[in-house]
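Naming convention: chains lettered A, B, ... in sequence-line order (proteins, then strands); numbering from 1 in each chain. Note: hydrogens, waters and symmetry copies are ignored here, and every other heavy atom, side chains too, is used.
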Amino acid sequence: MEPKSEGEDRPWQSYHTAYTNAKAGMEGVDKEKVHKVIYEMSKGSKYFENEQRKEAFIKQKIENLRQQRAKLTDKDIAHFQKIAEKKIVQLEASRDLTKTWLHTDMDAFYAAVEILDNPSLKGKPLAVGGMSMICTASYEARKFGVRAAMPGFIARKLCPDLIFVPTNFDKYTHFSELTRKVFCRYDPNFIASSLDEAYLNVTEVCSERHLSGEEVATELRSAIYDETGLTCSVGVAPNRMLAKVCSDINKPNGQFILPNDRGAVMIFVSSLPIRKIGGIGKVTEHMLRDVLGITTCEDMLKNSALLCALLSDLSSDFFLSVGLGLGGTHTPEHRMRKSISCERTFASTSDTTLLFQKLADIAENLSSDMQKENLWGKNLTLKLKTSSFEVRTRAVSLQKYISSKEEILTHASKLLKAELPLSLRLMGLRMSQFRDEDKHSPVDPTQKTLSEFILSGSSLFKAYETQDMPSENSGDFLLLEDKNLCELDAAREKEHRCITSEPESSCKREELGDSNIANDTYEASLGNANGEIRWINDYICSECGIELPYGFDEERREHADYHLAQFLQQEEKAHVAQDKVYHKMLHRSLSSRKKQKASSPGGKFIPIDAFFTKGKKNM
DNA sequence: GGGGGCGAACTCG
DNA sequence: TTCCACGAGTTCGCCCCC
């Protein structure tokens, strides 16, 4: 690790956003040149400024951790050394070398599919994606430093002849399905971690057919090529963590086999850079390197006492297991979706009407996705990205499970309203805490149908391999226990008493002010337009059937906003003047209760080093 | 003190 | 010319309530 000058003559070297992890096919790239281009194209932008802020914050956290380390006495170190040794013995006892895991990774998958579809692209630098972001780059493009997750305009600067092809998930899904049919022949319970990656437990195949892991890998790669015309790379190892690392070694169109032998594993791991491990990203790498001098997996064991002294139990266990070359060896029985979300980036705007319209679109998308899977959620999270790239999330736990766009928008609007005024470039909604009965439907990625994948528009069911801990918490993947129905009923009863889970203040009459009058005026203003709401039996919305009891004036008004927004959109389409209604809404919006969160944008600091901070209970 | 809710960060493809 | 995505998972700290 050469000490890098961050002087004024080479300012780009301090910009760590790009190239912290070399991708396959980028070995010959002039990294300094690429880094400089990215720096030049980024500097001065709001994105760049935000990255600088984030980096400064990480530096501060590294410094804090260094100080914590400096405070440790010899006695402390000796104490934690004992703890570390005990942990290592326990981890070592969990080592399982009886399984053979195979990780397959399609080579530049999206790009390869596009080339297959249009052979004239072969041999040319190709990027799948658009100007804002590219998903995959062909190996020819990677030679120029172009890579996935790079904005298109920077990629074009690096490679002026770069050909852009828009993403077409239908195509990728089709080819993904073909590969999965092959996987099934080797492991019917294979774990798909994305459209182009999968883990296969080939222990049984090896034993039944008297084949080595290497032979299975060769055969499988050949079968994939025959079925799809695409190449893939394969890693074979005793566990998933190592198999994943191995599949990257001889990429593209290659394989690497790590024998099921403790000695071989330990040698393999000894010089393995920590960044190659799934779960260790840019920040973790910096932390471990700058605070503890850890750069290889072997260093994890050498610094085991410090890891235990400075980090949480969970973190130190993970890092020690990495040092021992341990990883997941069991196939989780069931995996189910934990959340579903939808987010959209748009041109920065502070136009309230526009923001609420976009929120309505997102709510509609999310609701539609939820209904396709019959999901009902109880936890709603609003994600905001300001024009300066600051990300905020605001969540609310609801008293009942919801799924309709009206209900989602009602609660989402409330969350958004509390944050305004604000200039935003992204909004997103996420639902989680699903109803138990929905959790019983299997959502194993391997069982997801083609149409579901196409409809969802993305690789929804990634089996995120968490830390691939040897002591797998299978409970993470198992069906959760049924909740008592009475509990649900009680919750619904509570819901009728107070429609939100916010502090009771939101139900106070005083805060409703002249809402009744405003409400009347507002609804009257709609006249006989489509946005008009009547409350059937005094609590059921005539438009959509949502139930809002009398007295929940604010909620009713917000709900009416939704229908009004719908109406406005229709009006807009028909080129009808909407100023009058808009001003009514704006007036109401301004006069409505303004909820200010205690955490101001700049006042609340984020525990970036959470991963490294030792919890009190561990001290 | 434990558990749940919330907000944020990190990671992956 | 264009100017840094999206969806999903996890952990952690803090706060509040029981």
Polar side chain donor-acceptor pair, A:Gln371 to A:Ser367, under 3.5 angstrom: yes

When you measure from the side-chain N and O atoms of [X] to the phosphate of [N], is any distance below 4.0 Å, counting only OP1 and OP2?
{"X": "A:Lys385", "N": "C:dA5", "answer": "yes"}
{"X": "A:Lys338", "N": "C:dT10", "answer": "yes"}
{"X": "A:Arg156", "N": "C:dC4", "answer": "no"}
{"X": "A:Asn379", "N": "B:dC6", "answer": "yes"}
{"X": "A:Ser132", "N": "C:dT2", "answer": "no"}
{"X": "A:Thr284", "N": "B:dC10", "answer": "no"}
{"X": "A:Ser339", "N": "C:dG7", "answer": "no"}
{"X": "A:Ser45", "N": "C:dC4", "answer": "no"}
{"X": "A:Arg425", "N": "C:dA5", "answer": "yes"}
{"X": "A:Arg344", "N": "C:dG7", "answer": "yes"}

Look at the side chain of [X] and decide which nucleotide, out of [options], has an atom nearest to it.
{"X": "A:Ile58", "options": "C:dC4, B:dC10, C:dA8", "value": "B:dC10"}
{"X": "A:Arg275", "options": "C:dC4, B:dT11, B:dC12", "value": "B:dC12"}
{"X": "A:Ala395", "options": "B:dG7, C:dC12, C:dG9", "value": "B:dG7"}
{"X": "A:Val396", "options": "B:dC6, C:dG7, B:dG13", "value": "B:dC6"}
{"X": "A:Leu314", "options": "C:dT11, C:dA8, B:dC6", "value": "C:dT11"}
{"X": "A:Arg337", "options": "B:dG5, C:dG9, C:dT2", "value": "C:dG9"}

Return the value, rounded to whole Å, for the distance between atom [atom1] of [X] and atom [atom2] of [N].
{"X": "A:Leu366", "N": "C:dG7", "atom1": "CG", "atom2": "P", "answer": "9 Å"}
{"X": "A:Arg142", "N": "B:dG13", "atom1": "CZ", "atom2": "P", "answer": "12 Å"}
{"X": "A:Lys276", "N": "B:dC12", "atom1": "NZ", "atom2": "C1'", "answer": "15 Å"}

Touch class at under 4.0 angstrom, heavy-atom based, for A:Cys135 against every strand present: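 Nothing: the residue A:Cys135, judged by heavy atoms under 4.0 Å, touches no strand.
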
Test side chain to side chain donor-acceptor pair (under 3.5 Å) applied to A:Ser350 - qualifying residues, sequence neighbours left out: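 Scan of A:Ser350 (side chain to side chain donor-acceptor pair (under 3.5 Å), adjacent residues dropped) gives none.
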
For A:Thr393, all residues meeting side-chain contact (heavy atoms from CB on, under 4.5 Å), sequence neighbours excluded: A:Thr381, A:Lys383

Check: A:Pro273 main-chain N/O paired with A:Thr296 side-chain donor or acceptor under 3.5 Å: no

Geometric class of the A:Trp101/A:Tyr199 ring pair [parallel <30°, tilted 30-60°, perpendicular >60°]: perpendicular

